[in-house]
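Here is the structure we will look at, set down as structure tokens.
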Amino acid sequence: IAAHDYCTENNWDFKIVTESIKESPLFARADIILPHLMHPGLNQEKLGSLLSLFETSSNITFESICPNMNWNDENYRYLLHLIGLGKLIEEPFGVFDSDTVIKVFAS
């Protein structure tokens, strides 16, 4: 009950998750994004300049921003961080390869 109340107070959804979640596409996506979402020391100015790229183009691929597509690529870390924050979304959902299109998330 305390966990549910805490989530309600913080406008979070409360869900009980079982081992079956590990087989879902959402788990695979979260497994990729979470380390980047929690990455300390990200430069806010860099995050802002990366987001500004999406003001002029709606069809930006991962490869056009981060050709190396790996954890050592700073832009890759920043993109996954912005996706984790819910500011950007990938299409197709849950696919993080070179031709995946990144868009501004609109609810």
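All values below were derived from every heavy atom in this structure, side-chain atoms included, with hydrogens, water molecules and symmetry-related copies excluded.
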Is any NZ, NE, NH1 or NH2 atom of the basic residue among Glu90 and Lys103 found under 4.0 Å from an Asp or Glu carboxylate oxygen of the other?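 Between Lys103 and Glu90 there is no salt bridge, as every charged N stays at least 4.0 Å from the carboxylate O atoms.
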
Just by distance, do the side chain of Asn68 and the backbone of Asn70 share a donor-acceptor pair under 3.5 Å?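 A pair under 3.5 Å: no.
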
Polar side-chain atom of Asn43 near backbone of Glu45 as donor-acceptor pair, under 3.5 Å: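 Flag set: sc Asn43 to bb Glu45 pair under 3.5 Å.
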
What's the spacing between [X] [atom1] and [Y] [atom2] if we round to 0.5 Å?
X	Y	atom1	atom2	answer
Leu53	Ser64	CG	OG	8.5 Å
Leu51	Leu79	CG	CG	9.0 Å
Phe54	Asn59	CZ	CG	10.5 Å
Cys66	Glu74	SG	CD	11.0 Å

With Leu88 as reference, evaluate Ile102, Leu50, Ile60 under the side chain to side chain contact (heavy atoms under 4.5 Å, CB included) test and give the passing residue.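 Only match with Leu88 under side chain to side chain contact (heavy atoms under 4.5 Å, CB included): Ile102.
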
Side-chain heavy atoms of [X] within contact of [Y], under 4.5 Å:
X	Y	value
Thr100	Thr61	no
Leu82	Phe105	no
Asp73	Arg77	no

Can you confirm whether more than 12 heavy atoms, excluding those of Tyr6, are under 6.0 Å from its OH atom?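 No - once you tally the heavy atoms of other residues, nucleotides and ligands closer than 6.0 Å, there are 12 at most.
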
Is it true that, when you exclude Lys46 itself, more than 12 heavy atoms of the residues, nucleotides or ligands shown sit nearer than 6.0 Å to its NZ?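 Buried by this count: over 12 neighbours within 6.0 Å.
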
Just say parallel, tilted or perpendicular for the rings of Phe62 and Phe96, cut-offs at 30° and 60°.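 It falls in the perpendicular class, over 60°.
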
Counting the benzene-type ring for Trp, do Tyr76 and His36 have ring centres under 6.0 Å apart?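 Close enough - the centres of the two rings lie under 6.0 Å apart.
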
Verdict with reasoning, Thr8 to Phe14, per side-chain contact (heavy atoms from CB on, under 4.5 Å): CA-CA 8 Å; Thr8 301; Phe14 177 77; over 6 Å; no

Heavy-atom closest pair, residues Ala30 and Pro35: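 Closest approach of Ala30 to Pro35, heavy atoms only: O-CD, 4.4 Å.
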
Treating Ile, Leu, Val, Met, Phe, Trp and Tyr as nodes and any side-chain heavy-atom pair under 4.5 angstrom as an edge, say whether Met69 and Val101 lie in one connected cluster.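 No, Met69 and Val101 fall in different hydrophobic clusters.
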
Under 4.5 Å between side-chain heavy atoms, counting indirect links through other Ile/Leu/Val/Met/Phe/Trp/Tyr residues: same cluster for Val95 and Ile32 or not?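 No, Val95 does not connect to Ile32 through the hydrophobic network.
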
